[in-house]
Amino acid sequence: MGGWLSSLTRSQDVHEASELSGHTTQSGAVPIADCDRGQVVRVTGTIRTVAVRPRAKAPAVEVEVYDGTGHLTVIWLGRRRIPGIDVGRMITIHGRVTRPSGDAVIYNPEYELRPGLVE
């Protein structure tokens with residue numbers, strides 16, 4: 001039974017990834033997997049996590065965005081909350097990619113909340 005449940009979960013993950021990468025293609029955004037350090041990009045994906053973490057003694061909203069090809073971290077410095085930035089929400093981000101520890105990060109980007117939630 002563990003094998004059956006595991007394959008069902010994998011199938012759902014594959015379906016979600018395919019659906020999200022389709023949104024990326026339709027919106028003309030860059031797939032997160034193709035984002036290079038220093039590149040100014042427009043990415044579209046779903047918000048997977050939202051947290052408030054202090055950075056240099058100031059609050060920061062930290063969000064993980066997933067588009068079916070990969071994930072990136074988005075950080076808004078000096079904020080405790082941003083209305084509409086919620087887990088499951090589709091979002092388009094525009095900003096410059098950094099890779100301070102190897103993973104893609106965008107600080108203080110422009111953003112557009114997309115209609116609907118991904119479930």
Quiz item: Do NZ/NE/NH1/NH2 and the carboxylate oxygens of Asp67 and Arg48 come within less than 4.0 Å?
Solution: no
Exercise. Supply the atom-to-atom distance Arg96 CZ to Cys35 SG, rounded to the nearest 0.5 angstrom.
Key: 12.5 Å
Quiz item: If you take all heavy atoms of Leu77 and Arg55, which pair is closest and at what distance?
Solution: CD2-CD, 3.8 Å
Practice problem: Given side chain to side chain contact (heavy atoms under 4.5 Å, CB included), test Ile75 with Ile106 step by step and report yes or no. | Solution: CA-CA 6 Å; Ile75 300 172; Ile106 298 178; over 6 Å; no
Quiz item: Is Ile85 close to Ile47 at the side-chain level, that is, under 4.5 Å between some pair of heavy atoms?
Solution: yes
Exercise. Using atom types as modelled and distance alone, determine if a side-chain donor or acceptor of Trp76 lies under 3.5 Å from a backbone N or O of Ala60.
Key: no
Quiz item: More than 12 non-hydrogen atoms from neighbouring residues, nucleotides or ligands closer than 6.0 Å to CZ on Arg81, yes or no?
Solution: yes
Quiz prompt | Under 4.5 Å side-chain linkage, directly or through intermediates, the cluster mates of Val40 | solution = none
Quiz item: Is a side-chain N or O of Thr92 found less than 3.5 angstrom from the main chain of Tyr111, in a donor-acceptor match?
Solution: no
Exercise. Could you tell me whether a side-chain N or O of Asp103 sits under 3.5 Å from a main-chain N or O of Leu72, the two making a donor and an acceptor?
Key: no
Quiz item: Do the side chain of Thr73 and the main chain of Val105 share a donor and acceptor less than 3.5 angstrom apart?
Solution: no
Self-check item: Backbone N/O of Pro59 and side chain of Arg53: donor-acceptor pair under 3.5 Å
Solution: no
Quiz item: Hey, quick one: are Val30 and Tyr107 part of the same hydrophobic cluster, counting side-chain heavy atoms closer than 4.5 Å, chains of contacts allowed?
Solution: no
Exercise. Take Leu113 and Arg89 through the side chain to side chain contact (heavy atoms under 4.5 Å, CB included) test and state the conclusion after the steps.
Key: CA-CA 7 Å; Leu113 298 173; Arg89 187 71 186 257; 3.6 Å; yes
Exercise. Give the cluster check for Val87 versus Val63: same hydrophobic cluster or not, with ILVMFWY residues linked at side-chain heavy-atom distances below 4.5 Å.
Key: yes
Practice problem: Could you tell me which non-hydrogen atom of Met90 sits nearest to which non-hydrogen atom of Thr44, and how far apart they are? | Solution: CE-CG2, 4.0 Å
Self-check item: Heavy-atom donor-acceptor pair, Thr46 side chain to Tyr66 backbone, under 3.5 Å
Solution: no
Quiz item: Are Ile82 and Ile91 connected in a single hydrophobic cluster, I mean Ile/Leu/Val/Met/Phe/Trp/Tyr linked by side-chain heavy atoms less than 4.5 Å apart?
Solution: yes
Exercise. Find out whether Glu62 and Val74 are in side-chain contact, i.e. whether some heavy atom of one side chain is under 4.5 Å from a heavy atom of the other.
Key: no
Quiz item: Are side-chain heavy atoms of Asp34 and Thr69 found at a separation under 4.5 Å?
Solution: no
Self-check item: CD-CD distance between Glu110 and Glu112, expressed to the nearest 0.5 angstrom
Solution: 10.5 Å
